[in-house]
Amino acid sequence: MFYKCANCGGNVVYNPEKKGMFCPYCDSPDSEQRTEGDKDEMVLCPNCGGELVYDEYTSAFRCAYCDTGLILTPRIDGAYRPKKMIPFQMGKEMCKKALRERFKKNLFAPDDFLSDVRLDGMSGNYVPYWLYEYQTHCDFQGQGRKIRTWVSGNTEYTETSVYDVSRSMDIHFDKIPVDASIAMPNDVMDLVEPFDYKQCVDFDPKFLSGFRAEFYNFSAEEEENRANQKMKASAEKILKESYAGYSSITTTSQHVDIREQHSEYALLPVWHYDYSYNGQDYPFYINGQNGKIVGEAPLSKKKALAYSLTAFGICYALLALVPLLVSFL
Amino acid sequence: MDFDFQKEARKGYFKYFSIWFLIVFVLLIATAAAGIRHYRIMQAPRANTAAPSERVYDEANLLTDEEEQSLRDYIAEKEAKYHIDFVVWTFDEPLSDKSSLSDSEWNRLIMNKADDFWDQRQYGYNKGFEGDGSLLADCRYPGQRGEWLSTSGSVYEALSSAEVDSILYDVDEYYDSNPYKAYKAYIDGVCRKMGGGVPGFYYLIALVAAALFTWVYYSSHAKKNAAANTVAVKQYVVGGKPANNTGRDNLLHKNVTKRIIQTSSSGGRSGGGGGGHISSGGAHHGGGGHRH
Ligand SMILES: [Zn+2]
Ligand SMILES: [Zn+2]
């Protein structure tokens, strides 16, 4: 399936900068007409007839021949239909700007690292996520110590007070995100967070047009453990904050009980820029909503050496010449 | 697509360092010009021709003829190099007829005597009044023994009282055992302080400092700039806080301990004074003495 322009027949795509559907061929907004291809697995491009190549979990991509944004209908329907999604808020140009801003101090990055030629190769991906909801009851029992010291005359007094501390609270967690894509490294996806769910909308395939997307590679049950860990870590920190006034505390007991839990399937936007240099890959993941960048800047040894040696030369020349000049005057 | 990254990188490099290249270049030119001027001055002949050619007055007869000659040669060599006069004067007549002199009286008398000796003979490498140079006056009269270092002109400008004192300590080392070595120590001491130019070890320190700076420069620009975890503790908590939040803090017991505080006071440190004064001839002198 793809979106055809009612005015010119071109491919209408979702444009984050314009916040809507847009035909780049005739500049018309909202001129899309849903055009079905094969109802089942798509083999040939419904636009140009070219042979399609895509991965096991792909649900949206662009035709390699005509660049049309295609959506595989069976992979977004039924059990695979996401409940929610956050549409891309950052287009490619905004992303480029964010990357350049972030790494502008990385003087020793290779020359083409932030070049248009390379950056144009980045892709916008809707990553499948499970969003978990937990109703919990948490409690804590322990012994807290408060120490107070003061000086009177030439005597220092130290007062130690011991308390019996107990806490009890209900914590309602909602939409703890865990990615369900093999291609996306877990630790990186944790850093791409947080997403702002105020912009979360009901799933609409239009937002996929022109972007890449996957359906979930794992079930909600398979990924639950990661959400559970995130929830527990947060609950424990909240409990800890509640008894922060003590100088030291010993825990007698602590429980995080789950009363109710629930999960839903959503697509969240992540830009992906793959830069390779000297045979090494430098992947960058950018939150497609707020532009948060995860990835480490590459370093050109040649450039680092040239700049550092020059800086050394200048520094030494200044340190050596100034006193010499003064001694001659 | 045919964007030349190499060329662009070279351009970027020169643009980045341009202001520094310019500063270093200007500094290099200025230093070279000043160096040439300095060299010309050092080549110029002695300006003060009024002073006697004698530099060693061994009236107390402490040196052998060979030592005297050797000292004269040594002084001639140093004067040519540093463009300052060196005079050594020993005597064994009393500073005063008084049988016992207080230290301050001794200081004043030997200072005046040394300054007058210098002023009357119009010593000084560049001119006869307040010219550049120094004199070591050594009194060997029993009960009034001691040496005085009188400074004038550029030597007066350059030497603090502490530096004069440190030279005198070098002199004291050989004062009794070997006067010849003692006077050489005086000449060497003044030369060291007047050293001119930059001491060699400075360049080593500068090298280390530049290396340190380069390391800081490199690491600040080579930072990987990895992303931090920006997920708030309560990021996914509905309403931003827990509900039905109850707690209890019951005091079980309390105890107080006492400790006597030891007080201590630290001593002060006093600063040194300057050695500047005006001689009876009206000339500015500096210096200091050690009585034995
Ligand atoms: Zn159109
Ligand atoms: Zn096609």
Side-chain angles (χ1 to χ4, degrees), chain A residues 102-103 105-108 111-112 115 117 144 151 154-176 191 193-194 234 237-238 241-242 292-294 296-297 299 304 306 308 310-312 314-325 327-329, chain B residues 1 3 5-6 8-9 13 17 20 24 27-28 30-31 34-35 37-38 196-198 202-203 206-207 209-211 213-214 217-218 221-227 229-231 233-239 242-261 263:
Chain A
R102 169 69 178 283
F103 295 111
K105 283 197 87 181
N106 287 66
L107 210 54
F108 310 144
D111 304 326
D112 63 345
S115 68
V117 180
V151 175
N154 64 344
T155 311
E156 188 191 75
Y157 297 88
T158 305
E159 179 195 79
T160 310
S161 316
V162 180
Y163 291 84
D164 175 32
V165 181
S166 74
R167 296 285 181 272
S168 161
M169 58 186 76
D170 295 333
I171 309 178
H172 180 189
F173 294 94
D174 193 24
K175 295 194 175 61
I176 295 179
L191 287 174
E193 282 178 52
S234 171
K237 276 185 195 158
I238 291 167
E241 275 178 11
S242 76
K292 185 182 177 187
I293 296 161
V294 181
E296 293 184 348
L299 186 134
S308 296
T310 309
F312 175 80
I314 289 169
C315 182
Y316 186 68
L318 292 180
L319 286 175
L321 286 177
V322 171
L324 196 62
L325 178 62
S327 80
F328 285 152
L329 295 177
Chain B
M1 280 300 266
F3 197 72
F5 287 113
Q6 288 271 324
E8 202 60 22
Y13 169 86
F17 285 113
W20 292 106
V24 170
L27 206 58
L28 210 62
T31 309
R37 200 189 65 127
H38 179 77
V198 185
Y202 169 80
Y203 290 101
L207 206 68
F213 166 81
T214 306
Y217 172 82
Y218 170 83
H221 286 99
K223 262 198 292 213
K224 299 266 191 215
N225 235 331
N229 191 336
T230 50
V231 179
V233 174
K234 294 175 187 159
Q235 189 78 42
Y236 302 111
V237 175
V238 176
N244 301 325
N245 195 342
T246 56
R248 206 180 59 234
D249 301 83
N250 291 340
L251 181 64
L252 296 176
H253 52 85
K254 184 188 275 195
N255 79 311
V256 178
T257 58
K258 280 195 261 185
R259 190 176 69 87
I260 306 294
I261 305 163
T263 53

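Just so you know, these numbers use all the heavy atoms, side chains as well, and skip hydrogens, waters and symmetry mates. Computed from a prediction, not measured in an experiment: that's the story for all the values here. Letters A, B, ... mirror the listed sequences (proteins, then strands); counts begin at 1.
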Please determine whether side chain to side chain contact (heavy atoms under 4.5 Å, CB included) holds for the pair A/F103 and A/I293, giving the CA-CA distance in whole Å, both sets of side-chain angles, and the decisive distance to 0.1 Å. CA-CA 10 Å; A/F103 295 111; A/I293 296 161; 4.0 Å; yes
Kindly give the heavy-atom pair with the smallest separation between A/L325 and B/A30, and that separation in Å. CD1-O, 3.5 Å
If you count heavy-atom pairs under 4.5 Å between each of B/V24, B/L28, B/N244 and chain A, which one has the most? B/N244
Which distance, rounded to the nearest 0.5 Å, do you find between the CG of B/N229 and the CD of A/E193? 7.5 Å
Sort out for me which of A/I314, A/L191, A/V151 touches chain B most, counting heavy-atom pairs under 4.5 Å. A/I314
Any residue meeting ring pair (Phe, Tyr, Trp, His ring centres under 6.0 Å) with B/Y13, in chain and number order, not counting sequence neighbours: A/Y307, B/F17
Rounded to the nearest 0.5 Å, what's the gap from NE2 on B/H253 to OH on A/Y163? Could you check? 11.5 Å
The interface call for A/L299 against chain B, heavy-atom contacts under 4.5 Å, is side chain
Report the option among A/I171, A/V165, A/T310 that has the most heavy-atom pairs separated by less than 4.5 Å from atoms of chain B. A/T310
Looking at side-chain heavy atoms only, is the closest gap between A/Y316 and B/T214 below 4.5 Å? no
Among B/L251, B/V231, B/V237, B/N245, which has the most heavy-atom pairs under 4.5 Å with chain A? B/L251
Please classify the contact of A/V322 with chain B as side chain, backbone, both or neither, using a heavy-atom distance under 4.5 Å. both
Looking only at B/H38, B/R248, B/K258, the option with the highest number of non-hydrogen pairs under 4.5 Å against chain A is B/R248
About how many Å separate CG of A/D112 and CD of B/E8, when rounded to the nearest 0.5 Å? 12.0 Å
Select, from B/N250, B/I260, B/V256, the one with the greatest count of heavy-atom pairs under 4.5 Å involving chain A. B/N250
Most chain B-contacting option - heavy-atom pairs closer than 4.5 Å, from A/L319, A/I176, A/D164: A/D164
